[in-house]
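Report on one structure; see the data block that follows.
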Amino acid sequence: MTDDLLETPGGRLLVSAAAAVAGLAGSYAVTGYAPSFIASPIERALARAMPGIVVSTAISTLGSLGQQLNLLLAIALAGLFIALAARAAILTGQLANNRALPTVGTAVVTWGIGVVLTGEVALAAGPAVAAAAVVALAQTLDGFGTTTTPISSKRRRALSTVGAAVGAATLGYVAGNQRTVIATGDDAPALTAPGADLADVEEKLAVAADYSLELDDIDPLVSESFYEVDINSIDPELSAGDWSLSITGAVEEEVTLDYADLQQMDAENRFVTLRCVGERLNGYKTDTALWTGVPVDSLLEEAGVQSGCECVMLRAADDYYEEFPIDALRGGLLAYGMNGTVLPRGHGYPVRALVPGHWGEVNVKWLSEIEVLDREAEGYWEQRGWQGTGPVNPVAKLHHESTRPDGRRRVGGHAYAGLRGVERVEVSTDGGETWADATLSDRLPAASGDGPAEDAWRQWEYTYDPPAGGHTVVVRMVDRRGEVQPEAETDAYPSGASGWVSKQYS
Ligand SMILES: Nc1nc2c(c(=O)[nH]1)N[C@H]1C(S)=C(S)[C@@H](COP(=O)(O)O)O[C@H]1N2
Ligand SMILES: [Mo]
């Protein structure tokens, strides 16, 4: 009767699990939070295969937690594959009485799994080496146990194996995170482009800071942290050098351009606000940035649009696609810069589309193709029941509330109405009986000329003497045509939250 850890089913299970943990860590160490991470393709397949109703429900009930659960499941599955590989290699080695087989077999099969999943021949060595190292360690410890080191009990060897896996996980996590920071551009580098006016960027950002109301706990006119919504737990990691954009489909002539072409063209610096159709009424998925990019119109003209439906499909590197009227795109921008930096990975590096006044979802990130259609089609979210390809619903948010030293109360927030433009924000402090005008921030400037930015939010604030006892504050916005935003409250699903925001204060 042997005392080997690897001779018992429990021991094999433990070593296989430890190999899986180390393998995952080894993969993460060499890839970071990138599509080449071994769990990433599984996550993608799961997310894309999920029925629309599940995705929509997950979004409205779980928010991004749904995506995190999906990622967790993908990591567990990738780990399971590695563990099964290790277990099979150990058992086969024992059957064949071959001491090399468990380690070599784990390495080869794990490497194979990595290659099949990610297509990355070199990076798949990360998980392979780490998983095999754990199996090798367990074998070595067992060897010591039976021959020379009686102090090393089976329990100790088991603990050492687990310890090695935990150590690998820690190291891999740290190394991988380091790569992630480099790759995501959380500190995106400063923008440089021959076609861009960078002095104008600085000027406009200064204007935005200047126009922002002093409401310290909400975003200024240029958001400090811009929300991120997309179908990926792990965003595409594209290289600008390899990027190109094609205008295809119902056109006279296909047009293709690369990153250098785009950067040579005359660029604009535009303030644009995005609002996600999945945002709850008084939510935090509306944000504004100063984007640098090239107007798409001249490119469409160059291609010669021949569309039967006057509609277009934008396609992206994450296999995302959205269809909408081509007229909306004519005023759009192909953006490669954001607030004076290179467009960050999470916002679509190297290039995204900005479609004035329309829901966030048609502002396609990691843009790869503009396909002019002849017939209507459905986009990714529309296939899942959403109706988010049109103009945004107007909204006035109530995010700031404070009491001044003299007892007066101050409320404030942002208001956005897409191309309708925010003309006025009205506040009621008596539950909607009487209304007064809020103070609004000046309109952000247009990309060029003296006019206002046509698709940017404004901030509002209102100070009042609170009545004794409780009261309800209601906020509504009025657009440039004098239309008051609809009062009726609707959920985000399927066509965006709508209604007047109100809050009760005691
Ligand atoms: N390629 C791609 N583009 C995308 C998405 C996506 O999942 N993939 N999500 C869309 C949605 S739903 C929104 S609201 C906006 C959000 O842009 P942001 O992440 O820069 O805020 O991007 C849009 N563009
Ligand atoms: Mo969205």
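Just so it is clear, the values below take in all heavy atoms, side chains as well, and ignore hydrogens, waters and symmetry mates. First listed ligand is number 1; within each ligand, the first listed atom is number 1.
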Measure from every N or O atom of ligand 1 to the protein's N or O atoms and keep only the pairs below 3.5 Å, writing each with atom names and distance to 0.1 Å.
unit_1, atom_1, unit_2, atom_2, d
ligand 1, 1 (N), D318, OD1, 2.9
ligand 1, 1 (N), D318, OD2, 3.2
ligand 1, 1 (N), K365, O, 2.9
ligand 1, 3 (N), K365, N, 2.9
ligand 1, 7 (O), I231, N, 2.8
ligand 1, 8 (N), D318, OD2, 2.8
ligand 1, 9 (N), V229, O, 3.1
ligand 1, 17 (O), R352, NH2, 3.1
ligand 1, 19 (O), V229, N, 3.1
ligand 1, 19 (O), K365, NZ, 2.5
ligand 1, 20 (O), H347, ND1, 2.6
ligand 1, 20 (O), R352, NH1, 2.7
ligand 1, 21 (O), Y227, O, 2.6
ligand 1, 22 (O), R352, NH2, 3.4
ligand 1, 24 (N), N363, O, 3.0

Applying side chain to side chain contact (heavy atoms under 4.5 Å, CB included) to Y462 and V425, what does each step give before you reach the verdict? CA-CA 10 Å; Y462 184 69; V425 168; over 6 Å; no
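Applying the side-chain contact (heavy atoms from CB on, under 4.5 Å) rule to S448 yields no partners; only residues at least two apart in sequence or on another chain are considered. Partners of V484 according to the side-chain contact (heavy atoms from CB on, under 4.5 Å) rule, which considers only residues two or more places apart in sequence or in another chain, are R476, V478, W500.
Listed by first and then second residue, the ring pair (Phe, Tyr, Trp, His ring centres under 6.0 Å) pairs involving residues 339-361 are F226-H347 (not counting sequence neighbours).
Taken from CG in L205 to CG in D200, the straight-line distance is 9.5 Å, to the nearest 0.5 Å.
Within a 6.0 Å radius of CG in D261, other residues, nucleotides and ligands contribute more than 12 heavy atoms.
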